[in-house]
Structures are given as structure tokens and as C-alpha cells.
There are 2 protein chains.
Amino acid sequence: MKSQPSSSIEDYVKVIYSFTEWQDKPITSSQLAARLGVANSSVSEMVRKLKDQGLVDHRPYGAVRLTADGERLALTMVRRHRLLETFLVQELGYSWDEVHDEAEQLEHAVSDTFVERLAEKLGHPDRDPHGDPIPSPTGRVERPSALPLGDLDPGHEGRITRISDDDPEMLRYLARERIVLDTAVHVVRRKPFGGPLVVRIGAGNGAHEFDVPDSIASSLWVHSDSSHEGCTLERA
Amino acid sequence: MKSQPSSSIEDYVKVIYSFTEWQDKPITSSQLAARLGVANSSVSEMVRKLKDQGLVDHRPYGAVRLTADGERLALTMVRRHRLLETFLVQELGYSWDEVHDEAEQLEHAVSDTFVERLAEKLGHPDRDPHGDPIPSPTGRVERPSALPLGDLDPGHEGRITRISDDDPEMLRYLARERIVLDTAVHVVRRKPFGGPLVVRIGAGNGAHEFDVPDSIASSLWVHSDSSHEGCTLERA
DNA sequence: CCTCGAGTTTCGGTACGCCTAAATCCTACG
DNA sequence: CGTAGGATTTAGGCGTACCGAAACTCGAGG
């Protein structure tokens with residue numbers, strides 16, 4: 001009855017998981033449809049199948065939630081994806097804005113053996129090129145304690161620990177502006193009337209100021225290196 | 001009208017190509033079916049589709065032959081497969097009997113960009129771990145001049161340049177017997193009444209004799225390093 | 001020259017994953 | 001409290017790739 005999952009099913013489960021990774025409302029059918037680029041009706045059908053296989057909990061007209069089995073599957077897909085991205089960047093010279101689609105294809109084709117040998121070769125990294133944590137083979141994830149840049153008050157200092165990878169265009173822009181993983185940031189002030197945040201990027205002579213529009217501010221996650229460590233574990 | 005090929009179509013074309021790689025009779029429907037592990041009726045249907053797409057020539061009840069387009073596609077698939085096998089062995093520590101199935105999956109998932117960056121990283125190898133030649137990106141193949149061990153007369157000396165990879169069990173056996181790529185062989189004699197060939201493997205103090213049954217003799221290809229070079233270009 | 005059987009094709013049917021259109025549900029506003 | 005409109009599900013279909021069974025072809029042997 002285990003019938004190893006089709007690549008569509010892997011995609012559904014991965015999207016459901018990702019939706020709750022950085023915020024914990026469960027996903028609705030139409031959000032799922034939008035993220036997968038399929039019709040709502042296709043999602044209804046597929047969710048029924050996922051439920052039959054015990055991968056999700058779902059009652060008609062309700063949201064979709066992963067079961068323990070579903071989460072296990074999702075985590076193996078996420079592990080694959082992030083290890084593949086790391087491989088593409090470290091070993092094949094891809095830039096971080098190019099890796100997503102390639103990894104998306106590969107993650108359905110690689111075997112468990114492949115994944116583990118790859119992890120070995122890469123030295124068991126714990127995060128991918130965008131700073132996303134790589135789950136362990138047994139499905140354990142170390143969620144880095146960090147907050148979206150947009151949530152920080154002026155005066156905060158820290159390093160960038162995660163950069164959302166869903167817009168390659170933005171990744172290229174950030175790379176040009178020297179904003180990469182582990183770059184130091186200092187929140188200077190927020191311009192009034194919902195204007196952009198002003199931050200200081202880098203330290204020493206390479207430092208420069210940068211206006212961060214909201215769309216970017218919510219995609220950059222910052223770990224405070226100065227103050228109290230565990231301050232960011234809960235979320236509203 | 002180009003409609004990039006489905007992975008089934010890639011498989012069909014690759015199998016058709018492989019059939020004629022070391023011998024040049026065209027493949028029949030039922031042979032195709034056997035190699036793909038599908039029913040004859042499925043092949044009929046699929047061959048019609050391949051023909052519609054201009055990848056094969058075929059008339060009812062006749063054999064199946066690749067067109068120039070079909071061969072181009074086949075060669076890109078073969079290139080992918082063999083580069084992937086090389087990668088798995090060289091970079092991920094796979095043994096040569098493990099790589100086939102993994103490469104089979106991956107070859108449908110990798111992009112052209114991936115393949116070329118991989119080739120780059122591997123130093124543009126010209127043969128895979130079994131000695132099969134890797135076509136260039138433009139579809140040129142250097143067919144190594146070599147003969148099946150079984151076709152050689154006693155007295156012949158040479159090195160193994162290709163080992164057929166369709167039986168992983170045999171590959172493991174050969175590896176245990178120290179028979180690998182570039183191993184020196186010397187045909188000693190053939191035991192009478194269709195008995196096995198006797199060969200001397202290796203040179204110097206590591207050398208040993210080995211009885212080669214026919215099934216293995218036809219899977220090992222030898223390049224004569226002593227005598228006239230170009231003697232093996234044509235085939236019966 | 002005719003026939004018989006292996007090889008091949010055609011014919012209906014299945015599973016999967018997707019679609020549009022129509023029916024249904026639920027909620028929030030009036 | 002009732003209903004309109006958005007969200008969701010059902011119904012009916014499509015394309016791909018597979019199957020088994022039935023129909024057909026063709027060439028070798030009688």
C-alpha cells in the first residue's frame with residue numbers, strides 16, 4: 001500500500017510543506033493551485049489522492065495539512081532540493097539564481113543513495129545557497145533563529161542568514177548590490193509614510209547604505225548577532 | 001512543431017540507437033519491445049508517434065531506423081547517460097555496476113546547461129567507466145577500434161577498451177577478477193569443442209590466466225596494441 | 001501456390017494528471 | 001437572518017503511455 005509517490009505527489013507535498021515553513025497557517029486549495037500553476041479542480045482531485053495515501057489531513061472545504069507521513073516525505077524532498085542546489089552552486093559553478101529550476105527537475109530523479117553520497121561529498125552542509133536549512137536524512141530541521149528584515153526596528157544589527165529564493169530576478173539584483181549570505185546589516189531608519197527601510201550593508205570600508213523596499217525586506221532574514229540570542233523563536 | 005520529447009520518446013530513441021551501435025542490423029518492433037520491457041502493441045503505437053515527429057523511418061511490418069533528427073536526439077541522450085555515469089563513478093564513488101540505473105533516471109531530468117557544466121568539471125572525458133565513447137555536444141562519436149575478445153585468434157595481445165554494461169552481475173564478477181578498463185590481455189588458446197577461451201590477464205607479476213566463457217568473451221572488446229592499427233574498422 | 005504461424009498492427013480499455021464548466025458550500029454583509 | 005459571491009468540489013473530457021486480445025501480413029515450407 002506504500003506505492004512510491006509520483007513526482008506530482010512529491011510536488012504537492014513539498015508545496016504544502018513550504019507554505020508552513022516560515023509561517024504557520026495551513027494552505028488552502030486555491031493557494032496550492034496557484035503555487036503549483038494548476039487549476040483548482042486538479043487540486044481537489046489530487047488532495048483526495050493524497051488523503052487516500054495518508055499524506056494529508058483534509059475535510060471538504062477545509063485547509064490542507066500534512067500528516068506525519070506527509071511531512072516525512074516533504075522533508076526528504078526538501079533535503080534533496082537543497083542539497084542539489086548546494087551541489088549546483090559549489091560543484092558546477094551555477095549562480096544562486098539559476099539553481100532552483102534545475103533542482104526542481106532533479107529532485108524527482110535522484111535515488112536515496114545518490115542523495116546521501118552527494119551529502120557526503122559536500123561535507124554534510126546544514127544550509128543551502130540561500131540560507132535555507134537542509135533537513136537531516138531522518139527529517140530533523142534546524143530552524144535558524146532569524147527575523148524578516150522588515151520586522152526589525154532601527155538600530156538592530158545582524159547578519160543575513162536567509163534570502164527567499166522565489167524570485168531569481170531579485171536574487172540577481174541582490175548579488176549585484178553585494179547582498180549575500182552572512183552579509184552584515186545595520187537597520188538605520190525607516191523612511192516615513194511606508195517608505196523603504198534604510199540599512200547599512202557590510203562593515204568597514206566596503207559598507208554602503210541601501211534602501212530596502214518592502215518586497216525585499218520580507219525576503220531577507222536577519223540573525224541578530226549583537227543582542228539576546230533566543231529572542232526570535234516564536235512568531236505572531 | 002518541435003515539442004520537446006517526452007522521456008518515453010527519449011528512451012525509445014536511445015534503445016533504437018544502442019541496438020545499432022556495435023552491429024548494424026536495424027531493430028525490429030519486438031526487439032524494441034523486449035528491450036523496453038513493454039508490450040508489442042505499445043511499441044507499434046509509439047513508433048507511429050516517433051515517425052510523426054520525424055525521428056524514425058518505418059513502414060508497416062518493417063524494421064525501425066533512426067532519421068538524422070532521431071540520431072541527433074539519441075546522441076544527446078547517450079552523451080548525457082555516459083557523462084552521468086562518469087560523474088557517478090568519479091565524483092560520488094559509485095562502482096561501475098551501480099551507475100546504469102541511476103543514470104537512466106537522471107538523463108531525463110538534466111538540462112543541457114547541466115550536462116555541459118558537468119562535462120567541463122569532468123575534464124571533457126571521451127569515454128565512460130565501461131569504455132563506451134561519449135559523443136561530443138554536436139553529436140560526433142569516436143568509435144574506438146576494437147574487436148570482441150571472442151573474435152580474436154590465439155596469440156593476439158591487446159588492452160580491454162570496452163566492457164558491455166548490461167549485466168551488473170558480470171561487472172562485479174569481472175571487477176573481482178581484476179578485469180577492468182585498459183587491462184592487458186593475451187589470448188592463449190581456445191579449448192576445443194566450443195569450450196572457453198583461455199587468456200592471460202595483466203602483465204608482469206600480477207598476471208594470471210582466466211577462462212573466458214562465450215557470454216563474457218562477446219562483452220569484452222579489445223584493442224590490439226601490438227599489430228597493425230586500423231585493422232578493426234569494418235565488421236561482418 | 002497455398003497455407004500456417006510468428007511477427008506486427010489495430011482495437012477497446014486502464015491509470016494518471018490535467019482541463020473547463022457546472023454544481024455546491026460557506027461566510028460575511030446587508 | 002437570508003442571500004450573494006467567492007471558494008471548493010463534482011462532472012465530463014483530453015493527452016500520454018501502457019495493456020491484452022483480436023485481426024492482419026508475409027514469407028518459408030509443404
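Every chain is numbered from 1 and lettered A, B, ... according to where its sequence line falls, protein lines coming before strand lines.
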Go through [options] for me and flag the one nearest to the [X] side chain.
X	options	answer
B:S29	C:dT9, C:dT24, D:dC18	C:dT9
B:V38	D:dC18, C:dT8, C:dC16	D:dC18
B:M46	C:dT8, C:dG17, D:dC18	D:dC18
A:S44	C:dT8, D:dT10, C:dC25	D:dT10
A:S6	C:dG17, C:dT8, D:dA7	C:dG17
B:E45	D:dT9, C:dT9, D:dC19	D:dC19

If I take atom [atom1] in residue [X] and atom [atom2] in nucleotide [N], what distance separates them, rounded to the nearest angstrom?
X	N	atom1	atom2	result
B:K51	C:dT9	NZ	P	10 Å
B:I27	C:dT8	CD1	P	10 Å
B:K49	D:dT16	NZ	P	5 Å
B:H108	D:dA17	NE2	P	12 Å
A:Q31	D:dA7	CD	P	10 Å
A:R48	C:dC16	CZ	C1'	13 Å
B:H58	C:dT8	NE2	C1'	8 Å
B:R59	C:dT9	CZ	C1'	15 Å

Check your understanding: With a 4.0 Å cut-off, would you call A:E71 and A:R140 a salt bridge?
Key -> no
**Study point:** Short side-chain to backbone donor-acceptor contact, A:T20 and A:P26, under 3.5 Å
**Key:** no
Check your understanding: Donor-acceptor pair, A:S42 side chain versus A:V38 backbone, under 3.5 Å?
Key -> no
**Study point:** Parallel, tilted or perpendicular: rings of A:W22 and A:W221 (30°, 60°)
**Key:** tilted
Review point. Ignoring hydrogens and angles, does a donor from either the side chain of B:S41 or the base of D:dG20 sit under 3.5 Å from an acceptor on the other?
Key: yes
Review point. In terms of the nearest nucleotide of DNA chain C, which residue is placed more toward the 5' end: A:S8 or A:Y61?
Key: A:S8
Exercise for review: State yes or no: are the ring centers of A:Y12 and A:F19 separated by less than 6.0 Å?
Suggested key: no
Base, sugar-phosphate alone, or nothing: which one does [X] contact when heavy atoms must sit under 4.0 Å apart?
X	value
A:A39	base
A:G62	nothing
B:S42	base

Study note, to complete from the structure: Result for side chain to side chain donor-acceptor pair (under 3.5 Å) between A:E107 and one of A:R82, A:K14, A:R80 points to A:K14
Point to revise | Below 4.0 Å: OP1/OP2 of D:dC18 and any side-chain N or O of B:Y12 | key: yes
Review point. Between D:dG6 and A:S30, is there an OP1 or OP2 to side-chain N/O distance shorter than 4.0 Å?
Key: no
